[in-house]
Amino acid sequence: MNEIEDVLREEREIEPSPFFARRVMAMIRAETQFAPLPFPWKRIASAIVLLLVAIAAGLDAPEATLRAESAIAVVIVLVSIVTAAMTVSLLRRAR
Amino acid sequence: MEDEQDAADVARVLAGEAQRFEPIVARWQKPVLNLCWRFVRDEGRAEELAQEAFLKCFRSLGQWRRDARFSTWLFSIAISVCRSHLRRFEPLRDALGAAMLEELATEPHDERVAAGQRAERIRKAVADLPPLYREPLVVYYFHDEDLASTARILDVGEGTLKARLHRAREALRKVLKDLQ
């Protein structure tokens, strides 16, 4: 058993190549070149407010035409929110 | 001292100064490289794995909990990188290793050459141990037989580590006996 321990204790050491740190830093620079894309919370929040207003307007509308217009607005805002979220998510994945 | 420097550099990197990662690499490149080398025993491959470990470390720098030393955390990342690499290349390494062991066992040699070959056989036997026993053995001797540091790096209790080291040595003894 002593022989095994001796071999494990007496491992030779290797030296990093001269450009090791430079190569690591180049990889890191390449990675940080593209700053992480912030999620557009402000825009999404305003869209949600708009969505709630449209829903409320639709519910209060006395006429069927107005209710239909409000429903269309709701759909448009919803589609915008989903599209924005998908775009950000795809861009983040691409990076 | 190193701990303070690490903490200060990490804080600056997290504040947006990515270039402050360079002193961290400079300080730890040799230990990380040597740790990887003990797992893969190939200098080129060890360098690639050490680079990958630093990159992974940079990406997850925000996850370093200050209750552990930075080096402990960095070494555990390096071990995880080596573990993934070995898992991918284990079958190829096994085939090459078996051929090498056979060659070592049959070659005629003088005493000095025999000692060198025996050391090589021991290292090969260590590399062939299951990860559960190989990792404690490699890290324990890499860390100058410091049980507490090894336990922290591998994230196991000292009792568990002692048991694994004991079983690893037993397995080695058996393998080497069978080869004689």
Side-chain angles (χ1 to χ4, degrees), chain A residues 1-51 77-95, chain B residues 13 16-38 41-44 46-48 50-59 61 115-116 118-126 137-138 140-142 144-145 165-166 168-173 175-176:
Chain A
M1 189 48 61
N2 280 345
E3 190 188 3
I4 295 175
E5 305 239 327
D6 289 345
V7 168
L8 293 170
R9 279 185 194 125
E10 287 165 15
E11 283 279 12
R12 75 179 173 95
E13 290 215 318
I14 60 170
E15 292 293 328
S17 60
F19 303 113
F20 180 86
R22 205 179 292 175
R23 269 203 305 270
V24 173
M25 289 312 293
M27 284 158 81
I28 284 168
R29 262 191 296 277
E31 190 147 308
T32 50
Q33 214 169 9
F34 300 104
L37 204 64
F39 195 80
W41 285 114
K42 278 183 188 170
R43 288 183 188 190
I44 294 284
S46 12
I48 289 169
V49 169
L50 202 64
L51 182 73
V77 175
L78 261 178
V79 169
S80 310
I81 291 173
V82 172
T83 313
M86 278 172 67
T87 311
V88 172
S89 155
L90 284 173
L91 275 172
R92 277 182 171 180
R93 210 173 297 171
R95 282 182 181 187
Chain B
V13 174
E17 292 178 59
Q19 72 277 14
R20 290 304 301 174
F21 196 69
E22 196 159 3
I24 297 176
V25 179
R27 209 155 35 241
W28 294 108
Q29 56 181 346
K30 195 174 168 185
V32 170
L33 174 68
N34 275 282
L35 179 59
C36 295
W37 183 73
R38 285 185 186 216
R41 310 211 71 82
D42 175 301
E43 291 191 29
E47 250 194 36
E48 284 171 18
Q51 276 177 28
E52 199 180 323
F54 277 113
L55 202 60
K56 249 187 163 178
C57 166
F58 176 80
R59 285 180 189 146
L61 213 50
R118 190 149 173 82
E120 207 45 55
R121 203 176 298 177
I122 291 169
R123 290 193 184 107
K124 173 72 187 74
V126 171
L137 212 57
V138 169
Y140 178 67
Y141 288 100
F142 169 76
D144 298 326
E145 298 166 59
L165 283 171
H166 176 72
R169 290 188 189 108
E170 286 301 307
L172 272 185
R173 203 198 310 242
V175 169
L176 294 167

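A note on names: the letters A, B, ... follow the listed sequences, proteins ahead of strands, and every chain is numbered from 1.
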Asker: Side-chain atoms of residues 19-26 of chain B: list all donor-acceptor pairs with protein atoms under 3.5 Å, sequence neighbours left out, distances to 0.1 Å.
Answerer:
| residue | atom | partner | partner atom | Å |
| --- | --- | --- | --- | --- |
| B:R20 | NE | B:D9 | OD1 | 3.4 |
| B:R20 | NH2 | B:D9 | OD1 | 2.8 |

Asker: Look only at the side chain of B:E47 and the backbone of A:S17, and say whether a donor-acceptor pair between them is shorter than 3.5 Å.
Answerer: yes
Asker: Supply the atom-to-atom distance A:I4 CD1 to B:R169 CZ, rounded to the nearest 0.5 angstrom.
Answerer: 9.5 Å
Asker: Checking salt bridge (Lys or Arg N to Asp or Glu O under 4.0 Å) for the pair A:E3/B:R118: CA distance, chi angles, key distance, verdict?
Answerer: CA-CA 9 Å; A:E3 190 188 3; B:R118 190 149 173 82; 2.8 Å; yes
Asker: To the closest 0.5 Å, what do you measure between CD (B:E17) and OG1 (A:T32)?
Answerer: 12.5 Å
Asker: Step by step, would you call A:M27 with B:E52 a side chain to side chain contact (heavy atoms under 4.5 Å, CB included)?
Answerer: CA-CA 10 Å; A:M27 284 158 81; B:E52 199 180 323; over 6 Å; no
Asker: For B:R27, is it the side chain, the backbone, both, or neither that has a heavy atom closer than 4.5 Å to a heavy atom of chain A?
Answerer: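 Neither; nothing under 4.5 Å.
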Asker: Atom OH in B:Y141, atom CG in A:D6: separation rounded to 0.5 Å?
Answerer: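 Here the rounded value is 9.0 Å.
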Asker: Which of the residues B:F54, B:Y140, B:W37 is involved in the greatest number of heavy-atom pairs with chain A at under 4.5 angstrom?
Answerer: B:W37
Asker: Please classify the contact between A:R23 and chain B as side chain, backbone, both or neither, with a heavy-atom cut-off of under 4.5 Å.
Answerer: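 Looking at A:R23, just its side chain touches chain B.
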Asker: Report which part of B:V138 has an atom under 4.5 Å of a heavy atom belonging to chain A: side chain, backbone, both, or neither.
Answerer: neither
Asker: Check each atom of B:E145 against the heavy atoms of chain A and say whether the ones under 4.5 Å are side chain, backbone, both or neither.
Answerer: side chain
Asker: Tell me, out of B:L33, B:V126, B:N34, B:D144, who's got the most heavy-atom pairs with chain A below 4.5 Å.
Answerer: B:N34
Asker: How long is the straight-line distance from CD of A:E31 back to CZ of B:F58, given to the nearest 0.5 Å?
Answerer: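 So the CZ of B:F58 and the CD of A:E31 are separated by 6.5 Å.
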Asker: Taking the side chain as every heavy atom from C-beta outward, state whether A:V7 and B:R123 have any pair of such atoms under 4.5 Å apart.
Answerer: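 A side-chain contact under 4.5 Å exists here.
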Asker: Could I get the full list of side-chain contact (heavy atoms from CB on, under 4.5 Å) partners for B:K56, not counting sequence neighbours?
Answerer: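 Counting only residues at least two positions away or on another chain, B:K56 forms a side-chain contact (heavy atoms from CB on, under 4.5 Å) with B:I77, B:S80, B:V81.
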Asker: So B:L55 and A:I28, do their side chains get closer than 4.5 Å, heavy atoms only?
Answerer: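 Yes. Closest side-chain heavy atoms under 4.5 Å.
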Asker: Of all the heavy-atom pairs spanning B:A18 and A:M25, show the shortest one and how long it is.
Answerer: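 Minimum heavy-atom contact is O-CE, 3.6 Å.
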